[in-house]
Amino acid sequence: MARAQSRYVCQSCGASVLRWEGQCRTCGEWNTLVETVVRETPRANSRSVVTAGADPVPLTHAGEADAEVRRPVGIGELDRVLGGGLVAGSLVLLGGEPGIGKSTLLLQVAAGVAAAGGEILYATGEESATQVRLRASRLGLTGAPVGDAIRVVAETGVGRITELARGARPALLVVDSVQTVASEELDGPPGSVGQVREATLRLMELAKADDIPVVLVGHVTKDGTLAGPKTLEHLVDVVLAIEGDRTGGLRLLRASKNRYGSTEEVGVFEMGDRGLTEVADPARAFLAEHDAPAPGSVVAPILEGSRPLLVEVQALVAPTSAPSPRRTASGVDPNRLALLVAVLGRRAGIALGSHDVYANLAGGLSVTEPGLDLPLALALASSLRDRPLVAGTVAIGEVGLLGELRGVGGLDRRLREAARLGFSRAVVPRSRGRGDSRLPGLDLVEVGSLADAIRVSLAGALT
Ligand SMILES: [Zn+2]
């Protein structure tokens with residue numbers, strides 16, 4: 001039975017009942033009833049950026065009065081992703097797998113804000129205050145004045161956390177994590193859909209009303225989605241995600257949503273003893289080191305936002321007698337992999353129908369851009385033929401169903417970066433009307449089809 005001030009609301013159709021039930025009686029959906037606090041005035045509008053009763057203003061002057069106040073956090077790569085710093089009154093969700101470095105990054109952010117003279121309230125439900133201090137001291141962040149400006153509280157009641165923040169008016173409130181905080185008004189356990197949603201709404205209200213930037217930590221489940229309600233990402237202003245291979249050192253920080261800036265920029269970090277440090281040369285950070293060119297390995301100049309990165313696509317194909325061979329993709333789109341296997345077989349004479357296929361990106365990266373088609377296809381062909389690519393080669397391009405190649409955006413920027421990092425040959429789709437984009441030291445090989453690309457790319461005798 002719900003408490004007097006709570007109801008169970010169907011997330012599918014909005015029907016509201018007093019008791020939890022497995023199936024919604026109104027729409028018939030299963031497991032959609034979520035405990036929700038009943039309010040006189042619905043708070044759903046709190047995420048509206050529109051002020052009631054505003055007068056129309058000329059477009060040229062619109063919004064001038066409420067230009068955002070940004071506070072740089074002192075970590076260049078993070079400020080870059082945020083679009084210049086934390087905006088006052090914004091609610092930021094930082095997601096990532098357990099152990100990837102979320103708490104570490106946030107302690108560093110807290111230290112950055114503290115170093116600029118701000119006070120921080122750090123509410124931890126994941127670890128005790130002692131554990132937070134030990135972590136901070138490992139990172140070398142406990143010295144005065146920084147260590148004194150960060151106030152830690154081990155607290156999971158969202159009411160108490162907002163009360164403390166209203167009293168202390170910190171320059172930043174960190175809540176680690178949204179899955180551990182809970183409201184007294186609901187019966188559900190911390191981490192339940194209702195609790196996560198309610199806690200987020202309460203913190204959003206605090207951020208907006210008191211102009212305090214709030215950063216929430218959110219855990220990510222095995223399948224890569226944020227644990228908790230799907231609506232969580234819609235409620236907050238900014239969604240950041242840390243990716244990377246937990247066992248490796250590299251981390252990529254991305255914004256999948258940013259109400260105050262671009263979602264195009266990525267930050268590249270390296271995890272070490274002193275926490276996350278910025279990488280001196282991000283473009284080459286994700287390249288694996290090889291003594292000699294290896295079959296199944298292709299370097300691709302991808303574009304993450306405005307930043308060119310060189311990544312290594314790796315593929316392994318192995319004969320199998322299983323009726324349905326494996327297609328395993330990590331960091332690349334499994335649907336694209338399946339499609340490329342089909343196109344290779346029909347249009348390029350690379351038959352993989354009786355082979356297991358594995359493909360991944362070095363460094364734990366995950367990339368969805370279509371330009372990865374050609375390098376992935378070349379890696380598969382290279383592995384099947386057991387022949388490496390011609391040394392010093394990069395490749396980029398989208399592959400069509402007919403085996404034709406299509407161009408990608410920002411080719412010049414990608415190639416310039418490849419040339420800078422010492423690559424001498426680029427296999428790219430043929431295109432008309434490209435200006436003079438030849439770069440000194442880079443041999444541009446333009447091809448029209450996947451079959452041609454394979455022919456010019458693999459080292460050794462012609463196929
Ligand atoms: Zn329903």
Side-chain angles (χ1 to χ4, degrees), residues 283 286-287 293 296-305 307-315 329 331-350 352 357 359-362 365-385 388-419 421 423-439 442-459 463:
F286 290 94
L287 280 182
S297 155
V298 177
V299 173
I302 62 161
L303 214 49
E304 281 287 353
R307 171 178 272 171
L309 294 178
L310 275 88
V311 301
E312 183 187 334
V313 183
Q314 299 179 336
V332 296
D333 182 355
N335 296 321
R336 291 309 287 182
L337 177 65
L339 186 139
L340 289 170
V341 166
V343 173
L344 279 166
R346 291 301 304 273
R347 307 288 171 200
I350 302 290
L352 296 168
V357 170
N360 75 306
L361 293 184
L365 259 184
S366 183
V367 171
T368 51
E369 82 152 271
L372 216 54
D373 284 357
L374 178 59
L376 185 52
L378 289 176
L380 292 166
S382 162
S383 178
L384 182 75
R385 297 273 164 88
L389 259 63
V390 176
T393 299
V394 296
I396 193 79
E398 191 180 340
V399 174
L401 288 181
L402 307 178
E404 83 280 20
L405 299 184
R406 301 189 197 122
V408 293
L411 187 65
D412 287 358
R413 233 178 316 156
R414 300 168 193 255
L415 296 184
R416 224 174 295 129
E417 205 62 22
L421 294 179
F423 289 90
S424 53
R425 195 163 182 265
V427 179
V428 300
R430 182 180 298 139
S431 85
R432 268 170 302 163
R434 185 182 311 134
D436 186 23
S437 62
R438 312 250 154 201
L439 288 157
L442 191 75
D443 182 12
L444 201 62
V445 185
E446 295 185 290
V447 285
S449 71
L450 183 54
D452 285 347
I454 293 169
R455 199 166 41 74
V456 301
S457 297
L458 297 188
T463 53

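Values reported hereafter were calculated over all heavy atoms of this structure, with side chains retained and with hydrogens, waters and symmetry mates removed.
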(message) What I'd like to find out is whether the side chain of Arg430 reaches to under 4.5 Å of the side chain of Leu405, using heavy atoms alone.
(response) no
(request) Using the test side-chain hydrogen bond (donor to acceptor under 3.5 Å, both in side chains), find all partners of Arg416 that sit at least two apart in sequence or belong to another chain. (result) none
(request) Could I get the full list of salt bridge (charged side-chain N to carboxylate O under 4.0 Å, His left out) partners for Glu304, not counting sequence neighbours? (result) Arg254
(request) Apply side-chain hydrogen bond (donor to acceptor under 3.5 Å, both in side chains) to Arg307 and list each qualifying residue two or more places apart in sequence or on a separate chain. (result) Glu77
(message) Is the shortest side-chain heavy-atom distance between Val299 and Val311 below 4.5 Å?
(response) no
(message) Are Leu352 and Leu344 packed together at the side-chain level, in the sense that at least one heavy-atom pair is separated by less than 4.5 angstrom?
(response) yes
(message) To check you understand the geometry: which heavy-atom pair defines the closest contact between Ala283 and Pro308, and what is its length?
(response) CB-O, 3.6 Å
(request) Would you name the heavy atoms of Ala329 and Pro334 that are closest together and state the gap between them? (result) CB-CA, 3.8 Å
(request) Go through the structure and list residues passing side-chain hydrogen bond (donor to acceptor under 3.5 Å, both in side chains) with Glu312, not counting sequence neighbours. (result) His290, Ser297, Gln314
(request) Could you tell me which non-hydrogen atom of Ala381 sits nearest to which non-hydrogen atom of Ile454, and how far apart they are? (result) CB-CD1, 3.9 Å
(request) Not counting sequence neighbours, which residues clear side-chain hydrogen bond (donor to acceptor under 3.5 Å, both in side chains) with Arg347? List them please. (result) none
(request) State, with a plain yes or no, whether a side-chain heavy atom of Val332 is found less than 4.5 Å away from one of Asn360. (result) no
(message) For Gly296 versus Ser382, what's the shortest heavy-atom pair and its separation?
(response) N-OG, 2.7 Å
(request) Determine whether Leu361 and Leu372 make a side-chain contact, defined as any pair of heavy atoms from C-beta on separated by less than 4.5 Å. (result) yes
(message) Between Ile350 and Arg385, is the side chain to side chain contact (heavy atoms under 4.5 Å, CB included) condition met? List the steps.
(response) CA-CA 9 Å; Ile350 302 290; Arg385 297 273 164 88; 3.3 Å; yes
(request) Grab the two heavy atoms, one from Leu442 and one from Phe423, that are nearest each other, plus how far apart they are. (result) CD1-O, 3.2 Å
(message) As a quick check of understanding, evaluate side chain to side chain contact (heavy atoms under 4.5 Å, CB included) for Leu310 and Leu421, giving each step before the final call.
(response) CA-CA 9 Å; Leu310 275 88; Leu421 294 179; 3.7 Å; yes
(message) If I take atom CG from residue Leu309 and atom CD1 from residue Ile302, how far apart are they, to the nearest 0.5 angstrom?
(response) 5.0 Å
(message) Contact between Val408 and Arg414 at the side-chain level, heavy atoms closer than 4.5 Å - yes or no?
(response) yes
(request) State, to 0.1 Å, how close Leu337 and Ala359 come at their nearest heavy-atom pair, and which atoms those are. (result) CD1-CB, 4.0 Å
Donor-acceptor pairs are to be reported for all side-chain atoms of residues 395-403 against protein atoms at under 3.5 Å, with residues two or more places apart or in another chain.
from	atom 1	to	atom 2	distance (Å)
Glu398	OE2	Arg406	NH1	3.1

(message) Return the CG to CG distance between Leu339 and Asp333, rounded to the nearest 0.5 Å.
(response) 9.5 Å
(message) Side chains of Val456 and Asp452, heavy atoms from C-beta outward: is any pair under 4.5 Å?
(response) no
(message) Would you say that Leu303 contacts Glu417 through its side chain, given a criterion of any heavy-atom pair below 4.5 Å between the two side chains?
(response) no
